[in-house]
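Bear in mind that the values here come from a model prediction, so they are computed numbers and not experimental data. So that the names make sense, note that chain A is the first sequence line, chain B the second, and so on, each numbered from 1.
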There are 4 protein chains.
Amino acid sequence: MAESPVPSPVLPPRSARAHACALSAARDLLAEGGLPAATVDAISARSGVSKATLYKHWPSRTALAAEAFGREMADAIPLPDTGDPRADLEEQVRRVSAFYAGPTGEVFAQLLAACVTDPLAAPFFREFFLDGRRAAISVLWQRLVDAGLASPSVTAETATDLLFGPLIFRRLTGHAPLTISEADAIASAALEGLLRRE
Amino acid sequence: MAESPVPSPVLPPRSARAHACALSAARDLLAEGGLPAATVDAISARSGVSKATLYKHWPSRTALAAEAFGREMADAIPLPDTGDPRADLEEQVRRVSAFYAGPTGEVFAQLLAACVTDPLAAPFFREFFLDGRRAAISVLWQRLVDAGLASPSVTAETATDLLFGPLIFRRLTGHAPLTISEADAIASAALEGLLRRE
Amino acid sequence: MAESPVPSPVLPPRSARAHACALSAARDLLAEGGLPAATVDAISARSGVSKATLYKHWPSRTALAAEAFGREMADAIPLPDTGDPRADLEEQVRRVSAFYAGPTGEVFAQLLAACVTDPLAAPFFREFFLDGRRAAISVLWQRLVDAGLASPSVTAETATDLLFGPLIFRRLTGHAPLTISEADAIASAALEGLLRRE
Amino acid sequence: MAESPVPSPVLPPRSARAHACALSAARDLLAEGGLPAATVDAISARSGVSKATLYKHWPSRTALAAEAFGREMADAIPLPDTGDPRADLEEQVRRVSAFYAGPTGEVFAQLLAACVTDPLAAPFFREFFLDGRRAAISVLWQRLVDAGLASPSVTAETATDLLFGPLIFRRLTGHAPLTISEADAIASAALEGLLRRE
DNA sequence: TGGTAAACGAGACGGTACGTCAAGTCTTTGA
DNA sequence: TCAAAGACTTGACGTACCGTCTCGTTTACCA
């Protein structure tokens, strides 16, 4: 027992395979037809993973879809890094806005909506998607703080909500477009403040 | 149409009665168990209005629920008017935040989520709820502009999104609490701006 | 509206068409592959009647199958009537034995077995099959009694059990064949008695 | 067949423990909740014998349950022996009837029913239960024959079916009660014959 | 007495069917 | 003519249990 010839068996390989297959199938289905297409039966059929197994890995269909979506989106919106912290943040708002405006944004909205109804899925959506996005913004925000440009009294949390909450709200209700100029207006207003400066 | 000698035999009343009854039943069901409880069959059963009739008045169950909710909420959050436009707006953010934090906020979230899936219902939600809210904020915003406190270059639309988008985002994802102090932090950041003033 | 103000509305005539279609499909499936083939989904697919509707008409899949089987078997074993009551009864035992020995007997056994597990279905099997069979035997038995050949102290119930219980027992356990000679042996033993006559 | 030097390797001893544990667990589960409770997983969990092992010892869950039941019931209904062969047989019918009427009779019915669906289990039920019961009756029957009371032309097989088939039929369909008086009626009719004696 | 092959424990997996639910459509009936 | 009543189709959901399979461990015989 000198060395461990088979160190990998730590993780039941079979389980991992089923898990990965399911996520992959879900990802494809989400891309093809959004959340409505990511039916449990469809995922099961396409992945070869049985329904029963799916429900052993995830508490609900939405949770599975949320993880699949989150994992795929992990690197979907790379952070800009031009050396100008403020410009980077503004650019990120533009990118996220464009992301929400596109077909993937539709899936995001469906998932966000589904989590309202499905409390079991919400943690998955947070863990695999939202937390990642939030962490990315925190990086940008910290750069601003470090550069002495941002009020250190404002948390990254609040900054994130202020910058992206409006975009999401618009995406959900469709009451206003998600164009670049609108994104800029929001970013600008958030950064400069709504009140007039003397 | 001088006067109505035979008020009841006229046709319109029947339709109007059914409409009102359905909305009333839906309102009660929403209050009791949220959107999930406002089943078409439940609304039909409680109101005495047949399902077929419901579908003649609304394109979908969600649309009906949205109208019922919107009508009831019309005057749920009275606008403050203390003479101090900024304080009024801040107070309104607090009130709306409290509203979202409560049980009615849950119904709001369910409706907002449902409209993502149901395009037919979205216009109803906008017309009977969102537009009213938005108009209310416009009033407050206009006071700020008139008082020379707000940047006139920022539209009421943007201001509304910036102030309430974050609240709604939090309500949906539950990633941050909806307390008064949080509401104040958001209002303050939105009004003053995220960037440090030199 | 002289009389019978509300005679019919007592029982809303549940869509006879759906009922009949379902039974017909079930009957065919039973014939093709026995009870295991008479899946709810299969019945639904073949009949065009939705699963939800099936479960509104019957409490369980087995109940539906039992009714389908019972209705079809209603006239499957015509009563002999040669004028000789005893010969008629013996002939009937032979016929029933042959029935049990055949493919239809297999379905009978499956249904009987399923009703052990499914209490909701048992009443259907009794009402639509067993009762009919029992009534038929009662007729033959009554002829014997009328002819003074049978002990009037023995009920038709007991006679039926004695004549057919053994056949069913054999069919279920397969411990003994269901041939004509075996059927005759049983009939003979039942009629004459197990004990030696002095 | 000189001698068997290593007769033991035929049966691995370790096997015996697992075999016994499984049967014991199955027996307990049958007693607690009937066949439906004797789930493969439940037997495995309670006995500590893995599912894989269970399926190495028995071809199906029902077969296992059948053996467990049969072994336990082996001596459940002791044969009466009063010296009066006919009275003994009648008494036995009463005892068996009471047995079927009780909770254990329910398990018997479930097992009998399950064997209809599961051909692999039927041999186990026969070997471990039915054959034993049948052999017991043969003993009683032989006494009658030896005493010259029974028709030697009637096999023990037929006699058994005639006496107990009706009881089992009743137990399965529930169309008639399983009381002592009913048992007596059946025994009497079987022994004396259905036809009137001149 | 250490090695080795069968047997075992644990439990994930694929599969089949079940029974349930709500949405939205359509037909019948009554006033 | 309109609406109440309510049956129907559709489509998906989540669950249960079966029997198989893999993997790592234990046991018991054998060299």
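Scanning for side chain to side chain contact (heavy atoms under 4.5 Å, CB included) contacts around C:Ala114 gives C:Leu35, C:Thr62, with sequence neighbours left out. For C:Glu72, there are no side-chain hydrogen bond (donor to acceptor under 3.5 Å, both in side chains) partners at least two apart in sequence or on another chain. Scored by the side chain to side chain contact (heavy atoms under 4.5 Å, CB included) test, B:Glu127 finds no partners at all (sequence neighbours excluded).
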Summary of protein contacts for nucleotides 10-16 of chain F, nucleotide by nucleotide, where a base hit scores B, a sugar-phosphate-only hit scores S (4.0 Å, heavy atoms): B-SSBB-
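The NE2-C1' distance, from C:His19 to F:dC8, rounds to 15 Å in whole Å. In this structure, the CG atom of A:Leu54 is 15 Å from the P atom of E:dT16, given to the nearest Å. Spacing between atom CH2 of C:Trp58 and atom C1' of F:dC8 amounts to 14 Å, rounded to whole angstrom units. The separation between B:Leu64 atom CG and E:dA23 atom P is 11 Å, rounded to whole Å. As a whole-Å value, the separation of B:Lys56 NZ from E:dC26 C1' is 10 Å. In this structure, CZ of C:Arg17 is placed 11 Å from C1' of F:dT9, rounded to the nearest angstrom.
What you find for A:Ser60 and A:Tyr55 is that their closest heavy atoms are CA-CE2, 4.2 Å.
Counting only distance, with no hydrogens or angles, the side chain of A:Arg27 and the backbone of A:Phe69 share no donor-acceptor pair below 3.5 Å. Without hydrogens or angle criteria, A:Ser47 side chain to A:Ile43 main chain gives a donor-acceptor distance under 3.5 Å.
B:His57 comes within 4.0 angstrom of no nucleic acid atom, judged by non-hydrogen atoms across all strands.
Listed by first then second residue, pairs satisfying side chain to side chain donor-acceptor pair (under 3.5 Å) with a partner in residues 29-43 of chain A read A:Glu32-A:Arg46, not counting sequence neighbours.
Near DNA chain F, meaning a heavy atom under 4.0 Å away, there are no residues from residues 23-33 of chain A.
The line from CG of B:Leu172 to CD of B:Gln110 is 11.0 Å long, rounded to the nearest 0.5 Å.
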